[in-house]
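What you see is a predicted model, and the numbers here were worked out from it, not measured in a lab. Basis for what follows: all heavy atoms, side chains included, without hydrogens, waters or symmetry-related copies.
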Amino acid sequence: MRTICLESHNIDNLFFGFGQFNYHLIKGFYNHQDILKALDVEITLISKHPEKLEKEFGQTFCYKKYNSLQRKKIFRIKKAYNLWHSLNQNTKIEPFKNIPYLLTVHDVNFMEELSGNDLNKRIRLFKDKLQRSHAITYISEYAKTMTHTYFKVPDIPEYVIYNGSSKPKEIPENHIPALLPKGDFIFTIGEVLEKKNFHTLVEMLANLPELNLIISGKNTTDYAKEIKKKVDKLQLENRVFLTGKISETDKAYYLKNCYAFCFPSLREGFGIPPIEAMQYGKPVFLSDKSSLPEVGGEHAFYWEHFEPKYMADILQNGMKIYNEDQIDYSEKLQQHANSYSWDNTAKQYLNVYRSLLK
């Protein structure tokens, strides 16, 4: 039996994109136990809380407890697996030995977001990963293009495998989030960082007096403080709400019941939240930057720039198109969202494993 190690310790934080990716990919593998059996492989998961994973996935996988010391070379995992899969480009957990290595690249945004010593450290880490890789997977064509723009990529197999999207979560009857504004609301979600560009939604809202705005996600950042100051300056305290982290049930409620989902992000390797909104048939308004047009498809609406009145006009015009035949448009959005399947994503990764294990 051949052995595969997934560097999956980010699965312990499901509030972030890497954690969601790790969890849903692994669950996709779990749903393809027939393929795992045919491959005759034993997959080991790395996690700080392996007992939680074992409770959900049982004996389908093996488990290894994560320890931060494993980041240091002397304490690296020494078992010579037949394949090591680094599930994102930022992790510092690496195998001790030179073994077959698959790298998944979500983005190289650090090239545009960092500077000085922090940037140099990240570049060295990424170059080391590229050099030890036997194959690379990217979560979008955009991620692949940007990697080739900034780095010399080895002449090895490369694959673009899109992320999946989970089925819409069932919302318990009578569930209502603790924070629910009166009237229609725009919804967005993500860690409140500058690249998410959420402040443009606040400025847009000043031109849409009938709407409210809910921004969910970790909001302890300096950028979140700037947004709150802008809210106060524009006197939108009763219409703009930063909820912080929310439960999956609250997220599902907001997605299902929002007037529209807006995502003006400047840099996204993929961008799952717009797809999640489409699953509920909701109109989606996106920036035309990075991977969002690639992932959002032809039925999303796009902002080419972020002047507030222009953004408001795009939203109002888009909503007119959506409301002309809401049932048909919602069906098209749902069909697009359903084209992204974690089970299919997992199957494609298993095919890559098969090729590397030959």
Side-chain angles (χ1 to χ4, degrees), residues 4-10 16-18 21-22 25 46 70-78 80-163 193-196 265-272 287-295 345 348-358:
I4 302 173
C5 184
L6 302 191
E7 202 304 89
S8 55
H9 83 276
N10 288 121
F16 292 92
F18 287 156
F21 173 83
N22 289 9
L25 180 63
I46 297 176
Q70 292 165 346
R71 299 181 178 193
K72 299 184 180 298
K73 189 170 184 179
I74 191 173
F75 295 111
R76 286 179 178 177
I77 296 170
K78 295 180 173 61
Y81 292 94
N82 296 114
L83 177 63
W84 180 284
H85 184 181
S86 184
L87 292 181
N88 75 70
Q89 71 281 346
N90 294 337
T91 177
K92 296 179 181 178
I93 307 298
E94 300 283 20
F96 185 84
K97 297 180 180 179
N98 184 20
I99 58 178
Y101 187 98
L102 173 64
L103 172 65
T104 291
V105 177
H106 297 252
D107 62 65
V108 290
N109 290 342
F110 57 86
M111 295 299 297
E112 300 174 356
E113 296 172 353
L114 301 179
S115 60
N117 194 43
D118 289 338
L119 176 59
N120 292 332
K121 286 181 179 179
R122 191 68 66 84
I123 289 174
R124 286 196 297 270
L125 174 67
F126 189 64
K127 283 184 175 179
D128 287 344
K129 286 182 176 292
L130 289 177
Q131 291 307 312
R132 77 184 307 161
S133 294
H134 294 77
I136 303 172
T137 57
Y138 304 92
I139 65 171
S140 64
E141 290 288 351
Y142 169 78
K144 179 179 180 181
T145 297
M146 295 306 291
T147 301
H148 279 265
T149 297
Y150 286 112
F151 295 93
K152 183 178 180 180
V153 178
D155 185 16
I156 56 177
E158 297 178 90
Y159 309 86
V160 173
I161 302 178
Y162 288 118
N163 289 347
L193 300 171
E194 287 186 18
K195 69 178 181 180
K196 297 298 184 182
S265 182
L266 299 175
R267 291 184 291 278
E268 293 291 330
F270 183 83
I272 289 179
S287 109
D288 69 345
K289 316 303 178 190
S290 66
S291 68
L292 292 177
E294 176 186 349
V295 173
T345 297
Q348 291 180 69
Y349 273 98
L350 289 172
N351 285 335
V352 175
Y353 293 172
R354 180 182 288 110
S355 69
L356 291 172
L357 290 169
K358 284 183 179 178

| query | Looking only at atom types and distance, does a side-chain atom of Ser291 sit under 3.5 Å from a main-chain N or O of Glu294, one as donor and one as acceptor? | reply | no

| field | ring-ring contact (aromatic ring centres under 6.0 Å, His included) against His85, all qualifying residues, sequence neighbours excluded | value | Tyr349, Tyr353

| request: Could you grab the distance from atom CG of Leu87 to atom CG of Asn22, nearest 0.5 Å is fine? | output: 4.5 Å

| task | Measure the spacing between OG1 of Thr149 and OH of Tyr142 and express it to the nearest 0.5 Å. | result | 9.0 Å

| field | Pair Ile77-Trp84, side chain to side chain contact (heavy atoms under 4.5 Å, CB included): steps then yes or no | value | CA-CA 11 Å; Ile77 296 170; Trp84 180 284; 4.0 Å; yes

| field | Close side-chain approach of Leu83 to Pro100, heavy-atom, < 4.5 Å | value | yes

| request: Tell me, please, which residues at least two apart from Lys129 pass salt bridge (Lys or Arg N to Asp or Glu O under 4.0 Å). | output: Glu94

| task | Quick one: sort the Tyr162 and Phe270 rings into parallel, tilted or perpendicular, breaks at 30° and 60°. | result | tilted

| Candidate pair Thr91 and Leu125, rule side chain to side chain contact (heavy atoms under 4.5 Å, CB included), full reasoning | CA-CA 9 Å; Thr91 177; Leu125 174 67; over 6 Å; no

| said: I need the full list of salt bridge (charged side-chain N to carboxylate O under 4.0 Å, His left out) pairs touching residues 132-146, with sequence neighbours left out, sorted by first then second residue. | reply: none

| Going by atom types only, do Glu158 and His148 share a side-chain donor-acceptor pair under 3.5 Å? | yes

| Atom CG in Leu350, atom CG in Leu25: separation rounded to 0.5 Å? | 8.0 Å

| remark: side chain to side chain donor-acceptor pair (under 3.5 Å) filter on Glu113, not counting sequence neighbours, yields Arg267

| said: Run Met111 and Asn109 through side chain to side chain contact (heavy atoms under 4.5 Å, CB included) and show every step you take. | reply: CA-CA 5 Å; Met111 295 299 297; Asn109 290 342; over 6 Å; no

| said: Once rounded to the nearest 0.5 Å, what's the spacing between atom CD of Gln131 and atom CG of Leu103? | reply: 11.5 Å

| task | Decide if atom NZ of Lys78 counts as having more than 12 heavy atoms of other residues, nucleotides or ligands within a radius under 6.0 Å. | result | yes

| query | Any side-chain heavy atom of Ile139 sitting closer than 4.5 Å to one from Val160? | reply | no

| request: Evaluate the side-chain proximity of Thr137 to Val105: yes if any heavy-atom separation is below 4.5 Å, no if none is. | output: no

| Spacing of OH belonging to Tyr101 relative to SG belonging to Cys5, to within rounding of 0.5 Å | 10.5 Å

| Partner set under side-chain contact (heavy atoms from CB on, under 4.5 Å) for Ile156, not counting sequence neighbours | Ser133, Ile136, Pro154

| query | Within a strict 4.5 Å, meaning less than it, do heavy atoms of the Thr104 and Phe21 side chains meet? | reply | yes

| Between Gln89 and Tyr138, do the side chains contain an N or O donor and an N or O acceptor separated by less than 3.5 Å? | no

| Can you tell me how far CG of Asn88 sits from CD of Glu7, rounded to the nearest 0.5 angstrom? | 7.0 Å

| Can you name the ring-ring contact (aromatic ring centres under 6.0 Å, His included) partners of Phe126, sequence neighbours left out? | Phe110, Phe151

| query | Do Leu292 and Ser265 have side chains that get closer than 4.5 Å, going by heavy atoms? | reply | yes

